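Quick notes on the structure that follows.
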Protein chains: 2
Amino acid sequence: MVQAPSRRDRARTATTQEIKQTARRILVQDGPGAVSLRAIAREMGMTAPALYRYFDSHEELIKHVIADIFTELTDDLRTAIESASASSGGNLTDKVIAACWEFRRWSLTHKREFGMLFGTPLPGVNVEQDEITADRGGEFGNTFFVLILELWRKHPFPVTADEAIDPGLRQQLERYRDGLGELGTGLPLGLLLIFLRCWTRLYGTLSLEVFGHLGFALDDAGPMFELMLVDTAPLIGVEYPQQR
Amino acid sequence: MVQAPSRRDRARTATTQEIKQTARRILVQDGPGAVSLRAIAREMGMTAPALYRYFDSHEELIKHVIADIFTELTDDLRTAIESASASSGGNLTDKVIAACWEFRRWSLTHKREFGMLFGTPLPGVNVEQDEITADRGGEFGNTFFVLILELWRKHPFPVTADEAIDPGLRQQLERYRDGLGELGTGLPLGLLLIFLRCWTRLYGTLSLEVFGHLGFALDDAGPMFELMLVDTAPLIGVEYPQQR
DNA sequence: AGTTGTTGTTTACGGCATTAACTGCGGTGA
DNA sequence: TCACCGCAGTTAATGCCGTAAACAACAACT
């Protein structure tokens, strides 16, 4: 009969931080499917039911991990943006380009995390109507949004006039703008539209690369990413600096 | 003690078709995570190990299901393309637009299947270096590719000259072209590049919508899809017909 | 009629989430 | 000092999962 580790064998009591970090480690090493309560507990030298002291369920834990990854990514992006700003004297174009490339760099070095945030939702994990993940996800989105907003305020690029937008879409955009709070007040809906289009392209290019769905054609999708930026820059009144 | 159904209780012997159909039904009803051997067997009135007579493993079964979905989608697209061709006197623009909209329609009415094909790979299911899924996936891609190819042959739109393409990318595109067989012989690499760019935008727009990742801004992403088509049409020398 | 191959079943192993009941410990108040 | 309470863990159990091995019923062929 093997004796389970007694209270005295564990140096101290567990914390939610430790649990999430362990979950994270397992995610990176063995993929999203391997992040089980048992695996986490095993790694921490305890048993699975103990984790219920800290999280209501497996799903709850996963959501907190996702939220953590979101803030980590957001912080990473903001750092990269600041650094680009510093080394270019606050040039906005450089900032937004740096943000895009840093997003790609992070995604490729954190594929598992990327899948957790942007891939198909795990079975039994409903991120959509969840408080914390929605908040952190919003923060992430805002990071890109404020860049485009700043860009537009300084060098206004043309956006579709509100009246020229399909009424159904217009209504949705108005709701979206209202949800943005003071960040969105007074903004033309066309600007939100531009933002969504940029995000769509960025997301599509990156998720194809990260998930390996471009493998049928390419090994290294880096040049494709750059092409996407070249294509998309004009949408926000920027010319992508070609270095050739 | 409940008696398991004896051979006589089952009308006839199972077929791989039935198994895959059952798996499919479960996929649609309960999501990808619910497609377990036990669930399939239960639904069919048999026991899980029996399925090993027909498939080497759970993974193998899933791969065949994926392959089936690919061919189904491809057939669906080809039918839509033909029908659009018939009702427009063979107009190429109409065909390619019909293909895109049909792809969206199919994806939204088959979200689970879409996730299976284009989402994050299921744990323990390696579609990448698999024979059958790669083939069927290739067929799917070709469906779009031949449209663009036809379009280019009839009304050549400008493509980046081979020499103007980043050498690293060029090399990959050459390999990709070689892999296309006779379909690709003699084609400018820039054409492949256009195709990949179109696919990236289509995929990004659609997967954001299907996976609900646009929920933070929009409920109905239909207008965004159309905007994407409007944006992308010029890449292949087409003007998207605005009906307003 | 006996043999063989096909198509199932039963049983078993280890892993999973989750629940319920229990235990050892620290600290607190009498 | 001692009884008590609550915290942080345990064990045990339920019912899922994929998979493997042994076994049983049946059909067809010799």
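In what follows, chains carry the letters A, B, and so on, assigned in the order in which the sequence lines appear, proteins first and then strands, with residues in each chain numbered from 1. Because the structure is a prediction, the values reported are computed rather than measured.
- Distance, B:Asp30 CG to D:dC16 C1': 14 Å, rounded to whole Å.
- Looking at heavy atoms from C-beta onward, A:Ile69 lies in side-chain contact with A:Leu27 at the 4.5 angstrom threshold.
- In this structure, CG of B:Leu51 is placed 13 Å from C1' of C:dT9, rounded to the nearest angstrom.
- Looking at A:Arg38, its side chain has no donor and acceptor atom pair within 3.5 Å of the base of C:dG15.
- Between B:Tyr52 and the phosphate of D:dT19, there is a side-chain N or O to OP1/OP2 separation shorter than 4.0 Å.
- Atom CD in B:Glu60 sits about 17 Å away from atom C1' in D:dA20, given to the nearest Å.
- Remark: C1' of C:dG8 and OH of B:Tyr54 are 8 Å apart, rounded to the nearest angstrom.
- Here the side chain of A:Tyr203 pairs no donor or acceptor atom with the backbone of B:Ser207 at under 3.5 angstrom.
- Applying the 4.0 Å criterion to OP1 and OP2 of C:dT9, one finds that B:Thr47 has a side-chain N or O inside that range.
- OP1 or OP2 of C:dC16 sits under 4.0 Å from a side-chain N or O of A:Ser36.
- Comparing atom distances between the B:Arg53 side chain and each of C:dT18, D:dC23, D:dA8 picks out D:dC23 as nearest.
- Aromatic pair A:Phe118/B:Phe211: ring centres not closer than 6.0 Å.
- Between the NE2 atom of B:His58 and the C1' atom of C:dC16 there is a distance of 14 Å, rounded to whole Å.
- A donor-acceptor pair under 3.5 Å is absent between the side-chain atoms of B:His64 and the main chain of B:Ile132, judged by distance alone.
- Among the nucleotides D:dC16, C:dT9, D:dG18, the one closest to any side-chain atom of B:Leu37 is D:dG18.
- B:Asp56 places its CG atom 15 Å from the P atom of D:dG18, with the value rounded to the nearest Å.
- Of the candidates C:dT11, D:dC17, D:dT10, D:dT10 carries the atom nearest the A:Met46 side chain, counting heavy atoms from C-beta on.
- For B:Thr13, the listed nucleotide lying nearest its side chain is C:dT7; candidates were D:dG18, C:dT7, D:dG9.
- The distance between the ring centers of A:Trp199 and A:Phe145 does not fall below 6.0 angstrom.
- The interatomic distance linking B:Arg42 (CZ) with D:dG15 (P) rounds to 13 Å, in whole Å.
- To the nearest angstrom, P of D:dA8 lies 11 Å from CD1 of A:Ile19.
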